[in-house]
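Quick note on labels: first sequence line is chain A, next is B, and so on, each numbered from 1. Quick caveat: nothing in here was measured; it's all calculated off a predicted structure. Side chains are part of it too, since the values below use all heavy atoms of this structure and drop only hydrogens, waters and symmetry mates.
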2 protein chains.
Amino acid sequence: MPVTKGTTIDPERTRAAILQAATPLLYQRGLDGIGVAELCARIGVSKETLYRHFGTKDGLVAAMLEVRSQRVSDWLAAAVAAAGEDPADQLAAIFDALRQWHEEPTFRGCAVVNAAAQHHDQTVRAITARHLDRYLGLLTDIAERAGAAAPAALARQLLILVEGATVVAAHHRTTGTADQAREAALILLATATATPPGS
Amino acid sequence: MPVTKGTTIDPERTRAAILQAATPLLYQRGLDGIGVAELCARIGVSKETLYRHFGTKDGLVAAMLEVRSQRVSDWLAAAVAAAGEDPADQLAAIFDALRQWHEEPTFRGCAVVNAAAQHHDQTVRAITARHLDRYLGLLTDIAERAGAAAPAALARQLLILVEGATVVAAHHRTTGTADQAREAALILLATATATPPGS
DNA sequence: ATGAGATCGAACCGATCGGTACGATCTGCG
DNA sequence: CGCAGATCGTACCGATCGGTTCGATCTCAT
């Protein structure tokens with residue numbers, strides 16, 4: 001929300017406020033499910049202000065996806081960092097964090113992946129690819145620290161579990177999806193680290 | 001395409017033709033990415049005909065999602081049936097079929113799940129839930145025939161892998177996603193069937 | 001031959017879309 | 001004080017949206 005009527009102390013603040021307020025609206029209603037006019041009305045900002053900051057509705061969408069992707073990744077990385085040294089504990093912490101996310105009443109799947117399912121344009125696809133890369137980096141670190149025989153392959157399997165759990169939790173009414181994914185992840189981790197071929 | 005100008009031999013044929021022609025258009029462009037006018041023009045049918053058969057754009061979308069869901073499920077079931085008796089072979093066959101699907105140049109993820117990511121209305125959500133139920137039924141059969149200790153839990157883990165592989169294949173440029181999911185699925189199957197608790 | 005019904009093509013509807021323009025207002029800086 | 005610029009509110013733009021209507025055309029069954 002623009003702090004007052006005229007110039008706020010910091011235009012950058014307005015931009016951030018718009019992003020923060022627009023994110024849940026675009027997430028809940030879908031990128032095409034809410035128009036710019038209603039968006040501005042709910043945010044409490046004029047269209048001119050929004051367009052000066054983001055140029056285009058797509059520009060706003062791209063900016064908000066970027067922020068969202070970074071925030072989620074940071075959140076998962078923090079969960080890993082808080083889980084101690086054991087790679088298995090770190091992996092479990094990721095899926096515990098996912099469960100927490102999935103249980104939020106407003107949960108509707110991953111905003112970034114949902115966006116890619118709607119807009120097939122190149123910008124959104126690139127953001128989504130980077131988003132998955134962030135996840136993959138996190139999981140690769142864990143796989144490497146665990147001493148997996150093929151860390152990259154294991155990390156991709158774990159990424160499939162993370163994304164699969166999110167999709168299933170979003171679209172299928174069943175409880176404990178994240179827990180089942182967690183169990184599967186730990187089995188894959190144990191299998192990939194056991195019996196190193198040359199030992 | 002309506003076979004001729006006036007009454008076709010069978011109006012049911014027209015309905016099916018509309019569905020078949022509309023499906024790839026809605027899939028490629030997104031449900032909101034193409035309007036009814038252009039849709040009708042590309043299909044080669046008048047708006048009046050489309051609206052008489054489906055009542056609403058949402059009606060068309062629902063009908064096409066239903067058909068699509070059934071077709072994909074049947075296709076996977078056929079792959080299972082062709083894989084012989086061994087549950088592990090049947091499971092592997094599912095992921096081989098997925099890989100084949102993911103490699104199609106027009107692949108953009110699962111149409112049903114994508115639709116749920118766009119339209120949050122109740123109808124689409126119900127279709128998507130049933131879609132996942134179909135997958136789950138297929139996987140539960142395999143888990144039971146394999147003698148898994150907890151077939152339902154294993155089936156859900158496999159469902160997570162199926163959906164996860166599809167999402168990752170759609171949005172992340174990496175090869176062999178289905179193969180990695182397949183390997184993970186076989187590990188989970190082996191783990192779930194080994195060491196029956198009371199033996 | 002006639003009538004029922006399916007279809008076309010095009011015109012038409014009100015609503016909404018993304019985006020722009022404008023005059024007024026307010027703030028911070030020099 | 002006065003200017004630059006950020007913001008508001010509103011009106012406006014052309015385009016497109018989903019959906020309806022109508023007259024003409026064609027097929028089939030009677």
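Applying the 4.0 Å criterion to OP1 and OP2 of D:dC8, one finds that A:Thr49 has a side-chain N or O inside that range. Contact annotation: B:Thr14 reaches the phosphate of C:dT7 (side-chain N/O to OP1 or OP2, under 4.0 Å). Here B:His53 does not reach the OP1 or OP2 of C:dA6: none of its side-chain N or O atoms lies under 4.0 Å away.
For B:Arg145 (side chain) and B:Pro87 (main-chain N/O), no donor-acceptor pair under 3.5 Å exists by modelled atom type. Judged by distance alone, with hydrogens and angles left aside, the side-chain atoms of B:Asn114 form no donor-acceptor pair with the main-chain N or O of B:Tyr27 at under 3.5 Å.
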For every nucleotide of nucleotides 12-19 of chain D, 5' to 3': is a protein heavy atom under 4.0 Å from its base (B), only from its sugar-phosphate (S), or from neither (-)?
-> -----SSB

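Remark: C1' of C:dT7 and CD1 of B:Ile43 are 14 Å apart, rounded to the nearest angstrom. A straight line from CZ of A:Phe54 to C1' of D:dT7 spans 15 Å, rounded to a whole angstrom.
Residue order along DNA chain C, read from the 5' end via each residue's closest nucleotide, puts B:Arg15 first among A:Glu48 and B:Arg15.
In summary, the side chains of B:Asp74 and B:Gln70 do present a donor paired with an acceptor at a separation below 3.5 Å, with no hydrogens or angles considered. Using modelled atom types and a 3.5 Å distance limit, the side chains of A:Thr174 and B:Arg156 yield a donor-acceptor pair.
Remark: B:Arg130 pairs with B:Glu66 by the side chain to side chain donor-acceptor pair (under 3.5 Å) rule, at least two apart or across chains. Residues passing the side chain to side chain donor-acceptor pair (under 3.5 Å) test with B:His102 are B:Thr166, sequence neighbours excluded.
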